[in-house]
Amino acid sequence: MRSLWLCWALWALPLTGPGAAVTEEHILSSLLQQLHLSEVPVLDESDAEEPVTPAHVRAQYVALLRRSHGARSRGKRFSQNFREVAGRFLVSEASTRLLVFSMEQRLPPNSELVQAVLRLFQEPVPEAALRRHELLSPHGDRARVTVQWLQVRDDGSNRTFLIDSRPVSIRESGWKAFDVTEAVNFWQQLSRPREPLLLQVSVQREHPGQPASSAHRLVRFASQGPSGPRQGEPQLELHTLDLGEFGAQGNCDPEVPVSEGTRCCRQEMYIDLQGMKWAENWVLEPPGFLAYECVGTCQQPPEALTFKWPLLGPRQCIASEMTSLPMIVSVKEGGRRRLRVVSLPNMRVQKCSCASDGAPVSRKLEP
């Protein structure tokens with residue numbers, strides 16, 4: 001645990017400047033500020049166990065994730081490459097199944113992932129089963145489908161992270177879409193080479209307080225048959241940008257090292273929250289995030305213009321658009337552990353631009 005004086009010192013630190021990268025101190029300071037805390041909360045040994053996320057907390061977090069994804073893909077949807085990956089279910093518990101995607105060479109080099117969509121085919125419920133359900137629980141015909149990314153650690157243990165969650169009706173059938181962009185980002189950054197993408201799909205009661213409802217038991221998704229692929233098998237849609245073809249997006253070429261001659265661009269930078277000691281048992285979601293940073297040089301104005309406007313200073317590569325980062329954190333209130341959703345502002349760089357010191361060019365995109 002960080003000492004009290006260190007946390008007070010963090011309060012005095014200025015937030016990350018427009019041209020600098022997000023730092024561990026910046027994240028901690030912003031999180032403490034959002035929670036109105038002066039130091040990292042002290043958790044008991046019993047709090048080390050992973051808690052069950054309440055439905056309302058899960059829904060609030062997923063809603064913020066979706067809005068964040070929408071802001072990040074803005075302006076890129078018309079210039080995407082598309083490819084589809086077939087997946088297969090592995091047998092698990094009755095209400096939870098493991099979905100496996102072989103991702104080797106699925107994401108092309110020198111590309112940016114814009115969006116990843118998981119599509120599952122919900123099979124129709126037989127009429128006889130619907131009639132029995134109406135007799136037992138006439139007012140409950142919805143269930144909740146939750147998608148989590150399953151990370152297998154080096155020591156063989158595993159942990160799941162919330163990716164998407166949405167209600168479905170047992171009276172409907174057909175394709176259901178889930179935004180799993182965060183899962184693919186995590187897989188790219190944290191998985192060992194050539195490891196498959198593992199998604200855990202669970203179906204639960206939409207309202208946990210209604211034990212009589214059994215709608216969730218009637219939700220079935222089509223899986224890969226024993227003889228091979230079949231119609232309705234799980235699909236993963238990957239939408240990517242070719243950075244060489246769409247250089248106007250402002251991303252750095254990952255295959256070219258940054259040097260003094262590099263033009264201002266957005267460079268990938270992953271922040272591993274799991275690797276931060278103070279975040280243990282406190283920050284539950286997400287395991288990390290792609291923050292990006294602005295690097296490179298900018299063309300300078302003519303000397304005559306600099307002489308006329310001396311206060312502007314040299315042009316620098318800065319973040320001109322940013323979005324927030326949603327989190328699920330564990331806090332102690334009244335001696336009891338409680339999960340809360342917070343949104344840390346200005347954590348993900350959306351766009352980098354050249355601007356002079358003091359010029360009001362930074363525009364925040366907060367979902």
Side-chain angles (χ1 to χ4, degrees), residues 1-2 7 24 27-69 95-96 142-151 153 157-167 178-183 185-186 190 199-211 216 271-289 323-345 347-348 366-367:
M1 187 191 76
R2 297 290 179 94
C7 292
E24 180 176 349
I27 298 169
L28 176 57
S29 176
S30 181
L31 184 54
L32 291 173
Q33 205 167 19
Q34 289 289 310
L35 295 172
H36 304 290
L37 298 174
S38 59
E39 63 177 334
V40 175
V42 179
L43 301 177
D44 303 329
E45 291 184 5
S46 59
D47 296 325
E49 298 180 4
E50 189 172 349
V52 177
T53 305
H56 71 280
V57 172
R58 182 174 56 223
Q60 185 181 358
Y61 176 73
V62 168
L64 288 175
L65 277 182
R66 288 175 179 167
R67 291 171 65 182
S68 178
H69 293 162
S95 61
T96 302
R142 296 173 77 80
R144 177 160 291 275
V145 180
T146 298
V147 181
Q148 297 173 297
W149 174 59
L150 178 67
Q151 180 193 16
R153 296 165 172 162
S157 63
N158 59 68
R159 183 181 173 184
T160 57
F161 296 94
L162 179 60
I163 299 299
D164 200 357
S165 181
R166 57 166 294 187
F178 302 87
D179 189 331
V180 294
T181 310
E182 291 291 274
N185 281 332
F186 295 153
L190 299 177
L199 298 176
Q200 185 169 288
V201 179
S202 58
V203 185
Q204 297 137 346
R205 292 185 179 94
E206 169 65 349
H207 302 289
Q210 298 178 355
H216 62 291
I271 303 293
D272 183 11
L273 294 173
Q274 292 185 101
M276 299 180 183
K277 187 66 177 177
W278 57 264
E280 287 182 355
N281 306 322
W282 183 32
V283 178
L284 305 181
E285 303 282 356
F289 65 101
T323 57
S324 58
L325 172 71
M327 280 185 173
I328 298 180
V329 297
S330 176
V331 295
K332 279 289 188 71
E333 294 183 355
R336 299 181 60 182
R337 190 180 191 187
R338 182 185 169 208
L339 302 190
R340 284 186 54 185
V341 177
V342 296
S343 185
L344 305 188
M347 287 291 164
R348 302 182 195 249
E366 297 301 337

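As a basis for the values below, the full set of heavy atoms in this structure was taken, side chains included, without hydrogen atoms, waters or symmetry mates. Numbers here simply count residues along the sequence, with the first being 1.
- The shortest non-hydrogen separation linking F289 to M347 is CE1-O, 3.6 Å.
- The line from CE of M327 to CG of L35 is 9.5 Å long, rounded to the nearest 0.5 Å.
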Going through the checks in order, is the side chain to side chain contact (heavy atoms under 4.5 Å, CB included) test met by V180 and W149?
CA-CA 8 Å; V180 294; W149 174 59; over 6 Å; no
Would you sort out whether F161 and L150 count as a side chain to side chain contact (heavy atoms under 4.5 Å, CB included), showing the intermediate values?
CA-CA 7 Å; F161 296 94; L150 178 67; over 6 Å; no
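- Note that the OG atom of S343 and the CD atom of Q60 stand 9.5 Å from one another [nearest 0.5 Å].
- Of all the heavy atoms in I328 and T53, the pair that sits closest is CD1-CG2, 4.3 Å.
- At least one side-chain heavy atom of F178 sits less than 4.5 Å from a side-chain heavy atom of R166.
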One pair to check against side chain to side chain contact (heavy atoms under 4.5 Å, CB included): Y61 and E285. What are the steps and the verdict?
CA-CA 9 Å; Y61 176 73; E285 303 282 356; 3.6 Å; yes
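- P286 places a side-chain heavy atom less than 4.5 Å from the side chain of L325.
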Take T96 and S202 through the test side-chain hydrogen bond (donor to acceptor under 3.5 Å, both in side chains) and record every step on the way to the result.
CA-CA 4 Å; T96 302; S202 58; 4.7 Å; no
Hey, mind stepping through T146 and V62 against side chain to side chain contact (heavy atoms under 4.5 Å, CB included) and telling me if it holds?
CA-CA 10 Å; T146 298; V62 168; over 6 Å; no
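- Across R144 and P167, no two heavy atoms sit closer than the pair NH2-CD, 3.6 Å.
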Given side-chain hydrogen bond (donor to acceptor under 3.5 Å, both in side chains), test S330 with R337 step by step and report yes or no.
CA-CA 7 Å; S330 176; R337 190 180 191 187; 2.4 Å; yes
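- Side-chain contact between M276 and I271 is present, with at least one heavy-atom pair separated by less than 4.5 Å.
- No donor-acceptor distance shorter than 3.5 angstrom exists from the side chain of Q34 to the backbone of V342, with no hydrogens or angles considered.
- The minimum heavy-atom distance linking L65 with I163 is given by the pair CD1-O, 3.7 Å.
- Residues L31 and L344 form a side-chain contact, since some pair of their non-hydrogen atoms from C-beta on lies under 4.5 Å apart.
- The distance from atom OG1 of T160 to atom CD of Q151, rounded to the nearest 0.5 Å, is 10.5 Å.
- P326 and L64 make their closest contact through CB-CB, 3.7 Å (heavy atoms, listed as atom of the first residue, atom of the second, distance).
- Of all the heavy atoms in R159 and L284, the pair that sits closest is NH2-O, 3.0 Å.
- With hydrogens and angles ignored, the 3.5 Å screen pairs no side-chain donor or acceptor of D272 with any backbone N or O of G288.
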